[in-house]
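Shown next, in structure tokens, is the structure this report addresses.
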Amino acid sequence: MNKKFYNRDAEIVARDLLGNVLVREINGNKLRARIVETEAYYGDDDPASRACQNGDLRKTMLMRSGVILVYGIHNNWMLNFVTGRKGKARAVLIRAVEPLNFSEKCNGPGLLTRALKIGKEFHKHDITNHKEMIVVGSKRKNFDIGKSFRIGVKKDLPKKLRFYIKGNKHISRK
DNA sequence: AGGAAGATCTACT
DNA sequence: GTAGATCTTCCTA
């Protein structure tokens, strides 16, 4: 997926990311995983996002779209992509993926980063131009998209910002 | 320097 | 269903 793909509102990118394939290359081995669950995060006026505070996370969310943002919480790393126009503070969280050519469980944001060995090293790197991790488009998009409120957040916005592939067995929750 | 909060996961009841 | 582990980041003094 090119930069133009990410250069839209977080909600749109989150929805369009479903079904695409995340390719993680480790020592020449390619692990492929289909994205099945995402969430959109905003900076300003989003009480769930730490980017509504000052700090490195907010700064990163203000960077150009396509930047990888890795956020650590409770001994887990969260994988995000910065979206929207520069200066907008928006990002999409990858909450769950479906393993295609390996077997570790990826039905949760912390689990997938562990299975794919994604850590702080990727913070601020570029997902549209990276040797070890990219997202490739998929034509197989004949599925229904489900919507819900975000999971695990203390204070959510009054809007459904979580998207998932309906009926998929690898989403973190129904 | 210290502390609290946080977008989680696992295990046990 | 509930509790506890465990770590990074940000805020305050």
Side-chain angles (χ1 to χ4, degrees), chain A residues 6 8-20 22 24 31 33-84 87-99 102-127 132-133 135 145-166 168-174:
Chain A
Y6 297 96
R8 297 174 294 165
D9 194 83
E11 203 178 332
I12 311 288
V13 177
R15 209 181 51 215
D16 280 3
L17 228 31
L18 293 177
N20 288 347
L22 183 66
R24 167 76 166 103
L31 297 178
R34 191 165 177 236
I35 299 171
V36 297
E37 184 179 345
T38 59
E39 279 178 4
Y41 280 85
Y42 292 79
D44 308 307
D45 304 322
D46 187 349
S49 170
R50 273 219 204 155
C52 63
Q53 309 171 30
N54 280 325
D56 181 65
L57 218 147
R58 182 189 177 81
K59 256 188 267 169
T60 309
M61 275 179 86
L62 286 168
M63 289 171 76
R64 67 191 183 284
S65 53
V67 168
I68 300 166
L69 187 156
V70 179
Y71 171 41
I73 185 170
H74 287 102
N75 201 20
N76 287 287
W77 296 110
M78 310 282 119
L79 175 63
N80 299 256
F81 302 135
V82 175
T83 75
K88 282 289 190 179
R90 285 172 186 178
V92 172
L93 163 70
I94 310 300
R95 273 200 65 85
V97 297
E98 172 184 351
F102 60 103
S103 59
E104 279 151 277
K105 296 280 175 243
C106 293
N107 55 326
L111 293 176
L112 76 92
T113 52
R114 206 176 303 174
L116 297 173
K117 299 194 173 24
I118 297 166
K120 195 91 205 291
E121 319 85 65
F122 285 94
H123 192 52
K124 291 184 182 176
H125 286 214
D126 191 340
I127 189 62
E132 299 176 343
M133 181 166 66
V135 177
I145 294 176
K147 266 179 155 185
S148 83
F149 292 102
R150 293 178 293 187
I151 290 177
V153 299
K154 207 170 170 188
K155 292 198 167 185
D156 203 354
L157 290 169
K159 205 174 180 189
K160 298 190 175 178
L161 291 172
R162 168 176 172 251
F163 305 90
Y164 57 94
I165 295 181
K166 253 186 198 172
N168 189 282
K169 294 188 175 78
H170 300 270
I171 58 178
S172 62
R173 287 212 220 163
K174 298 192 175 164

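These numbers come from a predicted model, not from an experiment. Here is the naming used below: chain letters follow the sequence lines, and residue numbers restart at 1 for every chain.
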For A:Arg162, does its backbone N or O pair with a side-chain atom of A:Ser148 as donor and acceptor, under 3.5 Å?
-> no
Looking at A:Arg58, does any N or O in its side chain come under 4.0 Å of the phosphate oxygens OP1/OP2 on C:dC10?
-> no
Can you name the nearest heavy-atom pair linking A:Val97 to A:Ile35, along with the distance?
-> CG1-CA, 4.1 Å
A:Arg173 to A:Tyr164, cation-pi by 6.0 Å centre distance and 45° axis angle | no
Between P of C:dT9 and NZ of A:Lys124, the distance in whole Å = 10 Å
Give me, pair by pair, the N or O atoms of the protein and of nucleotides 11-13 of chain C that are less than 3.5 Å apart, along with how far apart they are.
none

Side-chain heavy-atom pair A:Leu31, A:Lys117 within 4.5 angstrom cut-off = no
Is any side-chain N of the basic residue among A:Arg90 and A:Asp46 closer than 4.0 Å to the acidic one's carboxylate O?
-> no
Could you state the CG-C1' distance from A:Asn75 to B:dA7, rounded to the nearest angstrom?
-> 15 Å
Please report, rounded to the nearest Å, how far the P atom of B:dG6 is from the CH2 atom of A:Trp77.
-> 18 Å
Write down the distance between CG (A:Leu112) and C1' (B:dC9), rounded to a whole number of angstrom.
-> 13 Å
Between atom CG in A:Asn76 and atom C1' in C:dT6, what is the gap in whole Å?
-> 9 Å
For DNA chain B, list all stems, counting runs of three or more consecutive pairs where every pair is Watson-Crick or G-U wobble with both distances under 3.5 Å.
-> B:1-6 with C:7-12, B:8-12 with C:1-5
Can you figure out which of C:dT6, C:dC10, B:dC9 approaches the side chain of A:Leu57 most closely?
-> C:dC10
Below 4.0 angstrom from OP1 or OP2 of B:dA7, is there any side-chain N or O of A:Lys154?
-> no
Between A:Asn107 (side chain) and A:Lys105 (backbone), is there a donor-acceptor pair under 3.5 Å?
-> no
Reckon A:Asn80 touches a base, only the sugar-phosphate, or nothing at all at heavy-atom distances under 4.0 Å?
-> base
Rounded off to whole Å, could you give me the CE-to-C1' distance for the A:Met78 and C:dT6 pair?
-> 13 Å
Find the distance A:Asp56:CG to C:dC10:C1' and express it as a whole number of Å.
-> 11 Å
Within the distance-only criterion (no hydrogens, no angle test), does the side chain of A:Glu37 pair as donor or acceptor with the backbone N or O of A:Ser172 below 3.5 angstrom?
-> yes
Are the side chain of A:Glu39 and the backbone N or O of A:Ile151 linked by a donor-acceptor pair below 3.5 Å?
-> yes
For the pair A:His123 (side chain) and A:Val70 (backbone), establish whether a donor and an acceptor sit closer than 3.5 Å, ignoring hydrogens and angles.
-> yes
With a centroid cutoff of 5.5 Å and a plane-angle limit of 30°, would you call A:Tyr41 stacked on B:dA7?
-> yes
Checking A:Thr113 side chain against A:Trp77 main chain: does a donor-acceptor pair fall under 3.5 Å?
-> yes
Identify whether any heavy atom of A:Arg50 sits under 4.0 Å from a base atom; if not, whether one sits that close to sugar-phosphate; answer base, sugar-phosphate or nothing.
-> base
Ignoring backbone atoms, test whether A:Lys120 places a side-chain nitrogen or oxygen under 4.0 Å from the OP1 or OP2 oxygen of C:dT9.
-> yes
Please give, in whole Å, the distance from B:dT10 P to A:Asn107 CG?
-> 8 Å
